[in-house]
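Predicted model, so just to flag it, every value in this text is computed and none were measured.
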Amino acid sequence: TSLVLSHLGNLMGLSQHPPAVFQKGAPVAQAQVVAAVNGSGGISAALLSNMQNWKLNQLEAHVQMLRETNQAIPQPIAMLLADARRKEEKRTAKRVANRKSACTSRARKKALVEEMTRTNARLK
């Protein structure tokens, strides 16, 4: 199962993490929030629900803290981080496309106004 989870992590772009990251029951550090751990050693639903609202920089800081303390990054946290990075990349790409579209639109409008001005001057 850890091979399958490791492969899943590679597909999600998490290949820089060691295979221990994807093992079931990886430990959780107590840093930015008090980590509530259930009996099986996994992350509690309440903590995971709270972490789903974290911004990318908060997740990255938490993962960095886990690395600095030589703790494994639990799979749900790794998946949340990958998802947050994907969303940020998507948001950035959308902004770039929007700026490009706006620039093109302004150029078309300027050309149209210039053409209408020339036509108007010709008709006078």
Side-chain angles (χ1 to χ4, degrees):
T1 55
S2 70
L3 180 60
V4 171
L5 292 173
S6 178
H7 179 66
L8 178 62
N10 289 337
L11 291 175
M12 294 175 58
L14 300 172
S15 57
Q16 72 271 16
H17 300 300
V21 168
F22 305 104
Q23 290 176 356
K24 193 173 184 180
V28 178
Q30 298 177 1
Q32 296 174 342
V33 296
V34 176
V37 179
N38 64 24
S40 65
I43 300 173
S44 75
L47 175 61
L48 191 57
S49 176
N50 182 28
M51 292 180 86
Q52 287 175 344
N53 297 325
W54 284 9
K55 304 285 185 205
L56 176 61
N57 61 347
Q58 291 173 302
L59 286 167
E60 286 177 336
H62 185 68
V63 167
Q64 182 62 33
M65 186 275 311
L66 288 173
R67 286 185 184 135
E68 288 172 358
T69 58
N70 294 322
Q71 297 205 27
I73 296 122
Q75 181 185 5
I77 294 176
M79 291 175 70
L80 281 174
L81 180 60
D83 187 49
R85 285 180 177 155
R86 181 187 57 78
K87 284 180 182 176
E88 185 60 33
E89 288 169 6
K90 196 173 178 181
R91 190 176 298 123
T92 301
K94 188 183 274 189
R95 285 185 187 133
V96 168
N98 190 19
R99 280 194 299 269
K100 184 177 178 182
S101 175
C103 183
T104 304
S105 177
R106 284 190 297 272
R108 272 196 316 263
K109 182 178 178 182
K110 183 178 179 182
L112 178 64
V113 167
E114 288 174 356
E115 181 185 340
M116 292 180 90
T117 303
R118 283 192 302 268
T119 303
N120 213 11
R122 189 171 37 90
L123 292 174
K124 284 185 178 180

With a 3.5 Å cut-off and sequence neighbours excluded, list the donor-acceptor pairs that the side chains of residues 116-124 form with protein atoms.
from	atom 1	to	atom 2	distance (Å)
Thr117	OG1	Val113	O	2.7
Thr119	OG1	Glu115	O	2.9

Could you pull out every donor-acceptor pair under 3.5 Å between side chains of residues 89-108 and any protein atom, sequence neighbours left out?
from	atom 1	to	atom 2	distance (Å)
Arg91	NH1	Glu88	OE1	2.7
Thr92	OG1	Glu88	O	2.9
Thr104	OG1	Lys100	O	2.9

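The two atoms that bring Ala78 and Ile73 nearest to each other are N-CG2, 4.0 Å, heavy atoms only. Taking every heavy atom of both residues into account, Leu66 and Ala72 meet most closely at CD1-O, 4.2 Å.
Interatomic distance, CG of Leu81 versus CD of Gln58, reported as 12.0 Å (0.5 Å rounding). We find the CG-CG distance between Leu80 and Leu56 to be 11.0 Å, quoted to the nearest 0.5 Å. Taking CG of Leu59 as the start and CG of Asp83 as the end, the distance is 9.5 Å to the nearest 0.5 Å.
With 3.5 Å as the limit, one finds no donor-acceptor pair spanning the side chains of Gln64 and Glu60.
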